[in-house]
Amino acid sequence: MFDDSPKKPLPKSVVSVVLPLALEAAYSYTVPLAMALEAGDYVNVPLGPRLVTGVVWEIGVAAPAGMRLRDVREKFDLSPMSAIQRKFIDWIADYYMAPLGMVLRGCLRAKGIFEPPRMKVAYRLTDIEPQRMTPQRQRVIEAARDLPVMKARELADEAGVGVSVVKGLAGQGVFEAVDLPPFAPFAKPDPMALLVQLSKSQGVAAAALRGSVTARKFSVTLLDGVTGSGKTEVYFEAMATALVAGKQVLLLLPEIALTTTFINRVEERFGAAPAEWHSQMRPRERERVWRAIASGEAKIVVGARSALFLPWHNLGLVVVDEEHEPAYKQGDGTSYHGRDMAVVYGSLGNFPVILASATPSLESLVNVDVGKYAHVTLKNRHGRAELPQIELLDMRQIPPQSGQWLSDPLVDAVAETLAAGNQALLFLNRRGYAPLTLCRTCGHRLQCDECSSWLVEHRFKKHLMCHHCGHTESVPQKCPACGDEHSLVPCGPGIERLAEEAEARFEGAKIVVLSSDISRGESLHEKIRDIAQSKYDLIIGTQLVAKGHHFPDLTLVGVVDADLALETSDPRAGERTWQLLAQVAGRAGRGEKPGRALIQTYMPDHPLLEALEAGDREGFLTHEKEIRQSAGMPPFGQLAGIVVSGNDQMQTESFAMSLARRVPRVADILVLGPAPAPLAQIRGRFRFRFLVKTTREQDIQGFIREWLKDVQPKGSLRLSVDIDPYSFL
Ligand code: ADP
Ligand code: ZN
């Protein structure tokens with residue numbers, strides 16, 4: 001008997017594909033018979049009416065019942081995303097409770113990677129003579145003899161003829177077309193390019209770090225060395241070892257520390273410019289770096305935290321410099337912590353991670369205490385440099401005159417320093433001219449219309465600015481409340497105002513003001529270089545200057561207001577103040593000359609400041625750990641911040657209240673709030689906060705998932721979850 005029923009097609013295999021969209025899960029697609037796919041392949045798939053590029057997550061998955069699946073449309077000719085990277089993305093999405101697709105999106109931030117790289121066609125002279133010589137053709141041929149291979153356009157311009165002349169000659173075989181690589185290649189670093197004679201203690205530290213690399217397995221080492229002890233030189237040794245083993249190396253820095261000076265230092269040490277990765281890059285350069293990382297050509301990447309999401313080919317070491325920096329915690333989007341994710345990546349990829357700092361985070365120190373991290377220390381500055389002497393100035397005893405911010409002893413110390421031909425730094429962690437402007441007549445304070453924050457006067461830019469939403473407006477002539485003229489007065493100092501005072505007091509001194517809004521990009525790099533070359537006498541800056549820089553002639557640091565950061569509700573306020581003050585004081589005396597730091601405070605009895613003056617780091621840390629432990633705060637407990645926001649205050653509040661009513665009751669899990677957030681309004685949106693606090697052992701994500709299950713914020717309402725928050729505003 002013949003079976004004349006139509007042949008059943010072979011069942012197609014099914015794959016799940018993650019798309020870079022705000023979707024929680026992967027979507028299923030069938031694979032056309034002619035297409036071979038593996039997990040990690042980049043593909044185009046139909047989604048509604050459009051084509052979307054995504055990544056194959058799993059192959060051979062069971063087809064969801066009763067659904068007609070669509071075919072994968074196209075596979076890209078790129079090496080597949082590694083299993084480690086996919087696990088990493090899964091891990092982040094799960095831990096930070098972020099849509100998988102949004103985490104993937106962070107991995108594809110390079111335009112052009114899904115188009116075939118455009119080869120550049122260049123022309124090379126052959127032995128063939130043109131059929132008929134003309135003066136124009138003659139010129140092109142002569143130009144080509146003296147020049148490297150060039151594009152037709154460039155060659156034509158060089159010879160002063162039209163492109164058609166070059167193309168015509170190519171048609172006759174006088175020129176042959178050659179493909180040039182679309183991107184300049186990355187030079188191969190040489191692990192031995194510059195050999196530094198390490199001191200004995202540096203040598204011991206370097207050996208420990210090299211050991212972690214040669215062990216070829218996951219480990220975390222905290223490189224804990226005072227400012228100027230040579231941590232950079234020491235971790236360079238570990239990087240060299242990883243390069244010798246053929247591995248790629250990632251050196252993570254807080255975005256702001258990615259300066260030309262630092263990149264040059266890496267280039268000098270390894271004889272080749274490293275690849276860079278940060279938010280200010282041009283699209284072409286992003287594409288170049290992305291491709292070179294995927295192919296394994298780029299060996300060293302110096303980058304900001306998002307470099308973790310590059311398509312690493314064989315990453316073998318991550319160094320996180322300034323590991324204590326809160327800037328490693330991403331503010332918006334998926335709110336991940338760059339240092340913590342470097343450690344997660346190391347454990348997934350089974351390679352070592354080095355965390356370096358002069359003021360390590362309490363998190364890392366506690367991990368050392370419990371034996372999770374190895375501890376390598378450098379106790380002294382390199383060479384003859386000494387750690388600066390730290391002295392507190394009790395502002396209750398020596399208050400400056402009204403409208404001034406520098407006490408007499410600090411003024412004298414700066415004057416002496418400048419007279420001796422050295423540099424001084426005045427540190428104030430406040431941008432702008434004055435943090436508050438108020439009306440002398442009616443007491444009205446100038447506030448942002450959209451946010452609950454004061455407007456900060458910026459005199460250089462001649463406007464008022466909201467530091468939360470970036471809104472700017474010109475300084476009004478009259479008080480907007482009472483209409484009085486000339487009644488608005490600035491209150492309190494910002495660095496611009498401090499600069500005004502310094503100019504009056506230190507006549508003839510060359511003063512430079514450094515903060516993130518005055519100096520961006522190149523001009524900032526230039527200023528930092530000029531400071532290092534002693535082209536300025538007095539530096540006035542925000543936390544921007546506290547980090548990493550090496551200014552050999554700087555011998556005096558003055559902290560204008562040490563109390564600023566202590567007065568917040570942030571559980572890490574003490575730790576941060578300690579780190580900031582120790583780092584900024586650590587800018588002094590890094591060269592041959594001894595340095596000192598004078599710290600102005602109205603709270604000289606504060607245990608933190610006393611410990612700082614006494615150089616008693618252990619004492620401070622013990623105290624700080626006790627406080628955190630007894631309060632169940634990180635790293636001894638876990639936190640999550642949940643912010644509800646919306647355009648309408650009543651509606652937002654009642655949504656927050658409805659969430660409060662459904663909080664599951666679980667022993668040892670505390671949900672605080674809802675309370676109006678300290679920043680109760682940002683960009684016109686009203687905000688209410690919850691804070692979830694659990695022990696370390698508890699599944700905080702599981703608890704929040706259970707709590708917020710089926711919650712659908714409607715209209716303008718939004719709900720955001722921040723695991724391990726660093727911002728409590
Ligand atoms: P850290 O990173 O701990 O602040 P650096 O690595 O920047 O310290 O070192 C401080 C300064 O001392 C730098 O200018 C560095 O080049 C120099 N230095 C450190 N160790 C050595 C060494 N073994 N030989 C020569 N110079 C060194
Ligand atoms: Zn605002």
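This chain uses plain numbering: 1 for the first residue, then up along the sequence. Whatever order the structure lists them in is the order used to number ligands and atoms, beginning at 1. Since the structure is predicted, the reported quantities are computational estimates derived from the model, not experimental observations.
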Taking only non-hydrogen atoms of G230 and a 4.0 Å limit, the atoms of ligand 1 in range are 1 (P), 3 (O), 5 (P), 6 (O), 8 (O), 9 (O), 19 (C)

- Regarding T359 and Q583, is there a side-chain donor-to-acceptor distance under 3.5 Å anywhere? yes

Atom 15 (C) of ligand 1: of R265, H550, R590, the nearest heavy atom sits on R265

Listed pairs under 3.5 Å, donor-acceptor, residues 534-541 side chains, sequence neighbours left out:
from: S534; atom 1: OG; to: D553; atom 2: OD2; distance (Å): 2.4
from: K535; atom 1: NZ; to: Q533; atom 2: OE1; distance (Å): 3.4
from: D537; atom 1: OD2; to: K510; atom 2: N; distance (Å): 2.7

Ligand 1 atoms nearer than 4.0 angstrom to some heavy atom of Q197 are 22 (C), 23 (N), 24 (N)

For R305, the side-chain contact (heavy atoms from CB on, under 4.5 Å) test, sequence neighbours excluded, returns Y328, Q330, Y336

Q. Under 3.5 Å, is there a donor-acceptor pair between the D224 and T377 side chains?
A. no

Short version for H382: what comes under 4.0 Å of ligand 1, heavy atoms counted, is side chain

* Can you find a side-chain donor-acceptor pair between R381 and T227 that sits under 3.5 Å? -> yes

### Query
When you measure from the centre of the six-membered ring of Y726, is the NZ or CZ of R572 under 6.0 Å away and within 45° of the axis?
yes

Taking only non-hydrogen atoms of Q202 and a 4.0 Å limit, the atoms of ligand 1 in range are 19 (C), 20 (N), 21 (C), 22 (C), 23 (N)

For V196, the atoms of ligand 1 under 4.0 Å from one of its heavy atoms are 22 (C), 23 (N), 24 (N)

Under a plain distance cut-off of 3.5 Å, with no hydrogens placed, do D561 and Y602 share a side-chain donor-acceptor pair? no

If the contact criterion is a heavy-atom separation under 4.0 Å, does G225 count as touching ligand 1? no

Contact (N/O only, under 3.5 Å) between T227 and ligand 1:
no

The atoms of ligand 1 lying under 4.0 Å from a heavy atom of T232, numbered in the order shown, are 2 (O), 5 (P), 6 (O), 7 (O)

Ligand 1 atoms nearer than 4.0 angstrom to some heavy atom of V226 are 3 (O)

